[in-house]
Amino acid sequence: MEYNFREIEKKWQKNWEDNRVLRVENDPTKPKYYVLDMFPYPSGAGLHVGHPLGYIASDIFSRFKRLKGFNVLHPMGWDAFGLPAEQYAIQTGQHPAITTKNNIERYKSQMNMLGLSYDWSREYKTSDPSFYKWTQWIFLKLFKSWYNNKTAKAEPIDALILQFEKSGTSGIHAACGEELNFSAEDWKGFDDKKKSDVLFNYRLAYLSEAWVNWCPQLGTVLANDEVKDGVSERGGYPVERKLMPQWSLRMTAYADRLLNDLNDIDWSDSIKEAQRNWIGRSEGSSLMFKLNGNSDTITVFTTRPDTVFGVTFITLAPENELVGKITTEDKKAAVEEYIKTSKNKTERERQAEVKRVSGEFTGAYVIHPFTGKEIPVWVGDYVLAGYGTGAVMGVPAHDSRDHAFAKHFGLDIPMVIEAPEGWDILKESYDGKTGKCINSDFLNGLEVKEAIKIAIEQIENRGLGKGKVNFRLRDAAFGRQRYWGEPIPIYYKDGIPTPMDESELPLELPKIDKFQPTETGDPPLARATDWKYKGKYQYEYTTMPGWAGSSWYYLRYMDPNNPNEFASKEAIDYWQNIDLYIGGAEHSTGHLLYFRFWTKFLYDLGLVPFVEPAKKLVNQGMIQGVSSFFYSLTLSYSRIPDGNTVSLPTIIISKEFYEKINAGNLSELEKDNLMSFCIEQIKKLNPNINLPHLISPLKASSHRVDITLVKDDKLDITEFKRKYPRDDIFFYQIAETYYCGHEVEKMSKSKWNVVTPDDVIAQYGTDTMRMYEMFLGPLEQSKPWSTQGISGVHNFLRKFWKLFFNEKGEFIVGVDPCVDPTATATPIGAGSTHGSTPTSSPTTPTAAPTPAELKILHKTIKKIEEDIERLSFNTSVSAFMICLNELHELKCNKRAILEPLIICLSPFAPHLAEELWSKLGHSTSVLKASYPKFEEKYLVENTFSYPVSFNGKTRFMLELPLNLSKEEIEKQVLSSEDAQKWIKDTPVKKVIVVPNKIVNIVV
RNA sequence: GCCCUGGUGGUGGAAUUGGUAGACACGCAGGACUUAAAAUCCUGUAAACAUUGCGUUUGUGCGGGUUCAAGUCCCGCCCGGGGUACCA
């Protein structure tokens, strides 16, 4: 009987669905295991072969954990709010909900085709009001909380208000926008609006005037992690800085915990490192500089207070509000001009100009707090408004940026830390953190590390500032001027942002006629007519960003249909946090930070009993596409005297020609031939034209071609011509085969290099696809997609299948009543031969297994288990192949061996396993079986084949009993014939014996 | 620039704690079966030299080092991939 994967796979996918075998109950009697894939944003393109890599891995892992007796939660849902569907809506008018729904259907059918064991009864999408009700609910909790630095946790804002009423800000140590100081009386005197403004300084979800990343083309604000290289991550549109009222989440309050707790989770070093860098903790000190002849002060943040005697200027960020205040009359025009031009720069321009120094002197001076010297104050856009205090002390000798600035404007560069011998401080700053202080008064002679400590002490003693920690991490911009997101449950009453009551949630997205901003520049939600709180008050028009729902979605799977809570306490207590989380590395600083932040917040509120959402995180590598290219001449003409237009032919040339042309290596002869060919074709296309004047030098360009037209770099010219039926395409000097060039790139529709799992599955089946993706290499490694080698995996499955059949195609592995190593979960129904009828066979498949066979089996059981546990799926596929090769050699088809093997294989090739399992007479799914127990006794050997090496080079093998002592081994080895041959007359200096490993003889 | 990764046959990759480098698979070559092909099965396959056979030497990006022993550890470089970008 042939291995008919098409039939088998269809049959079992239907069976799993019909019998709801993949359903998971919250069953406290069983140990839990939570395996989660990062849920996808369902784009219109569907899944390509890169997507399933992680899904298959997590599926194998889940199925394995089930076999090991765990109650496994392995759900899937949809990150359904987002920009692409809305952009599409703007272009076509199709409601994003419809686009999203269609895309989800496609994704889901593809996932089912992959045999993924999701419990679809727990599915949801973040755009369901029943889901985003709880996203809004968490937002309200954030709104109603502040962060108490004393207790290091979020606390109710009401408690803070009580404190204000009692004692004002005194004794309060809060995470806030700016340090405020007011008394209880002051507080009581504030009107409602003022109180609201003050509280926004403390709330974890707050509204403020803030510098934001504004993307005019998308018409919205973006978070830092949504901006890459100064352009939007989605769409690649320019981003500029803009000051506007803005909802933000006070994530900076959690910076320390987000950093420290990284130590306790099993995530890859690279992700942890990326997060550490993103959070960017730096220790230093604040330091005040008094303005000369003025009561104002400038406070800077520095990590190098040891260099304070090397300060020769102060630089303020252009956005710093002190600039306007301190600039002297004569400098005003120039400074204002400078601020204006720097403000108008997009982020991209600003970044591109990093190397170019710019700035302007304000005319103001400060007094150096230790030397009393006058120090000029400058403005420069290398100083960022959003970091530290938006002001730096310029120490040109020991900071490369200050150095560039000082050099450009001719400021002093005095050395205060001893640089290594021969260092030219005028040429390059010495930024190193070792050396002794010089020219530094009380710091002289101290090492940098010690000097930093002393300097901070002095600064604090003199009341000039204090030791401080700064973070690069910014508060997360939370509002989007967009339609397709969760509405923010806030309305405006007398101009005061007021939260809705939790009982009034969800606040549903209103219907609107168009998805663009209004004519007056308001977000699309302003188009909703009669959309007012209690018919009276205007709602907030911005919506939440794409990452809002994904910051807590993993909790909803635990109790997805609960109308009363985001998830019940019982469900959360049972499932706890994610045991294994798999997804792409592109989320390392966005999603994964927000997701950790929200978890910590929910923990502070006592809503979840853990501080980290995912214990273990694995990033699957990207599967890249291989794009194909063809090459053509770029033809151009000199002006044609009679002014007629000319039709240009497309002349396709070989890769060699393309390279030669671009390198300018074409010989005169080649050039002439090519020219006359071109002229000939041009004449064909333009019969009435006199000789056109081709311009040399020749130019050539490359073009992507759909990879479905290319196989092994060979272009299918017939297909190509059929697809592009034009009479102006000519192949130059190409007779039969055209060899395309290729390049490895990201797999994407626009690059014509997409391979879908559908194609692969149609040809080889799901089980082959699953195993092949795993066989490609380590899960975390990126690799280009190639089907070279897929036949090896396919052959393996066919060979495995054939083990169960004789030459006549009859199923020959019978029911053997005496051996059932799988035991516990599924006793074999006595005599019930469900499926096909076992027949007797000359190979006696019911006979007892031999020690050799048992050894093969148990070696495999052990290896597969170990490999799955460390997510090394590629080596487990090899292990199966080795096992099969060995069984094949022994012509083994005994049930006692094959039945447990089916279980081992079932996480990888679940359909094939189910089919064989049922043919063996089982009436329940192999999903309900138990992973076979590994028995050490079958692997025990009494001899070991020692590799014997001389000076580290292996020369021969020697089989020796295991129970020999080191000395005996040495004796045996040295007296062996082979060893004597190698030793000859040279004296043996030393013999190293590592029992059961190796023998090394030094001569 | 900085941080993180990786670099092993013709190809994908294996070697888990310093202990037989190249498992497994693809590809290729040869053979069996076949009228023939496909499929299947068997054999070989790191390179160089030698070849009648035994073999010998080299070899995990490059250069050093530690060690009885290095793909694995240390130092200095080169190259690819990813992240980040004036963070004071």
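Remember, predicted model here, so these are calculated numbers, not experimental data.
Taking a pair to require two hydrogen-bonding distances under 3.5 Å in either a Watson-Crick or a G-U wobble arrangement, C68(B) pairs with G19(B). Judged by Watson-Crick or G-U wobble contacts below 3.5 Å, the nucleotide C2(B) has G83(B) as its partner. The partner of C41(B) is G31(B), judged by Watson-Crick or G-U wobble contacts that both fall below 3.5 Å. In this structure, G55(B) and C49(B) make a Watson-Crick or G-U wobble pair, each of the two defining distances being under 3.5 angstrom. Under the Watson-Crick or G-U wobble criterion, with both distances below 3.5 Å, G9(B) has no partner in any strand shown.
Checking A88(B), C3(B), G83(B) against every side-chain atom of Glu273(A), the shortest atom distance belongs to C3(B). Taking the side chain of Asp381(A) as heavy atoms from C-beta on, and the options U16(B), A88(B), C86(B), the nearest nucleotide is C86(B). Nearest to the side chain of Trp278(A), among U84(B), A23(B), U5(B), sits U84(B). Side-chain atoms of Ser791(A) lie closest to G27(B) of the nucleotides U84(B), G27(B), U16(B). Across A88(B), U5(B), C86(B), the shortest atom-to-atom separation from the side chain of Tyr382(A) is found for C86(B).
Between Asn874(A) and A14(B) there is a side-chain polar atom (N or O) within less than 4.0 angstrom of OP1 or OP2. At the phosphate of A25(B), neither OP1 nor OP2 sits under 4.0 Å from any side-chain N or O atom of Gln788(A). Using a 4.0 Å cut-off, some side-chain N or O of Asn885(A) falls inside it from OP1 or OP2 of A25(B). Not one side-chain nitrogen or oxygen of Asn224(A) sits closer than 4.0 Å to the OP1 or OP2 atom of U84(B). Between Arg798(A) and U40(B) there is a side-chain N or O to OP1 or OP2 distance below 4.0 Å. Not one side-chain nitrogen or oxygen of Ser782(A) sits closer than 4.0 Å to the OP1 or OP2 atom of U5(B).
If you take atom P in U58(B) and the same atom in G71(B), they sit 14 Å apart, rounded to whole Å. One P atom belongs to G44(B), the other to C49(B), and the distance between them is 22 Å to the nearest Å. Nucleotides U20(B) and A70(B) place their C1' atoms 14 Å apart, quoted to the nearest Å. Separating the P atom of A36(B) from that of G27(B) is a span of 23 Å, rounded to the nearest Å. Look at the C1' atom in both A15(B) and U60(B): the space between them is 11 Å, to the nearest Å. Spacing of C1' atoms, G13(B) relative to U8(B), comes out at 9 Å, to the nearest Å. Straight-line distance between the C1' atoms of G18(B) and C68(B): roughly 12 Å, to the nearest whole Å. Annotation: A46(B) and G22(B) have their C1' atoms spaced 7 Å apart (nearest Å).
Counting any heavy atom pair closer than 4.0 Å across all strands shown, Ser878(A) reaches a base atom. At the heavy-atom level, Glu780(A) lies nowhere under 4.0 Å from the strands shown. Using a 4.0 Å heavy-atom cutoff across all strands shown, Phe775(A) reaches at least one base atom of the nucleic acid. Note on Lys953(A): only backbone sugar-phosphate atoms sit closer than 4.0 angstrom, heavy atoms only; bases stay farther off. Using a 4.0 Å heavy-atom distance criterion, Val383(A) is classed as a base contact. Within 4.0 Å of Arg276(A), counting heavy atoms only, lies no atom of the nucleic acid at all. Across all strands shown, Met957(A) has heavy atoms under 4.0 Å from base atoms, whether or not it also approaches the sugar-phosphate. Within the 4.0 angstrom heavy-atom criterion, no nucleotide atom of any strand lies near Ser872(A). As judged by a 4.0 angstrom heavy-atom cut-off over every strand, Leu384(A) is placed among the base-contacting residues. At a threshold of 4.0 angstrom between heavy atoms, the contacts of Arg955(A) are confined to the sugar-phosphate backbone, with no base atom among them.
For Glu959(A), the CD atom counts as densely surrounded, since its 6.0 Å shell holds more than 12 non-hydrogen atoms of other residues, nucleotides or ligands. Residue Lys855(A) qualifies as open at atom NZ: its count of foreign heavy atoms under 6.0 Å is 12 or below. Annotation for Arg870(A): atom CZ counts as buried by contact number, over 12 foreign heavy atoms lying within 6.0 Å.
Contact check for Tyr764(A) versus Met769(A): no side-chain heavy atoms found under the 4.5 Å cut-off. Contact of the Asn213(A) side chain with the Asn224(A) side chain is registered, since non-hydrogen atoms from C-beta on lie closer than 4.5 Å.
Look at Glu283(A) and Arg281(A) and you find a salt bridge, because one of the NZ, NE, NH1 or NH2 atoms lies within 4.0 Å of a carboxylate O, short of that distance. Arg276(A) and Glu273(A) are joined by a salt bridge, as a carboxylate oxygen and a charged side-chain nitrogen come within less than 4.0 angstrom of each other.
His368(A) and Phe289(A) have perpendicular rings, their planes meeting at more than 60° on a 0 to 90° scale where under 30° would count as parallel.
Trp378(A) and Phe405(A) have their aromatic ring centers within a separation under 6.0 angstrom. For His794(A) and Tyr772(A), the ring centers sit 6.0 Å or farther from each other.
For G9(B), the glycosidic angle deviates from 0 by 90° or less, giving a syn base.
Spacing between atom CG of Asn795(A) and atom P of C26(B) amounts to 7 Å, rounded to whole angstrom units. What separates CE of Met774(A) from P of C26(B) is a distance of 19 Å, to the nearest Å. Between the CD atom of Glu233(A) and the C1' atom of G83(B) there is a distance of 12 Å, rounded to whole Å. A straight line from CD of Glu586(A) to P of C4(B) spans 21 Å, rounded to a whole angstrom. In this structure, the CD1 atom of Ile271(A) is 13 Å from the C1' atom of U84(B), given to the nearest Å. Whole-Å rounding puts the Lys746(A) NZ to G80(B) C1' distance at 19 Å. Rounded to a whole Å, the OH atom of Tyr772(A) is 11 Å from the C1' atom of G13(B). Residue Leu797(A) contributes atom CG, which lies 13 Å from atom P of U40(B) at whole-angstrom precision.
No hydrogens or angles were tested; on distance alone, nothing pairs the side chain of Lys802(A) with the base of U40(B) as donor and acceptor under 3.5 Å.
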Can you give me every donor-acceptor pair (side chain of residues 310-319 of chain A, partner residue at least two apart or in another chain, under 3.5 Å) with its distance?
unit_1, atom_1, unit_2, atom_2, d
Thr312(A), OG1, Asp412(A), O, 3.2
Thr315(A), OG1, Tyr382(A), OH, 3.4
Glu319(A), OE2, Arg241(A), NH1, 2.3

Find every protein N or O atom lying less than 3.5 Å from an N or O atom of nucleotides 60-68 of chain B, and list the pairs.
unit_1, atom_1, unit_2, atom_2, d
C68(B), O2', Asn1000(A), ND2, 3.1
C68(B), O2, Asn1000(A), ND2, 2.8

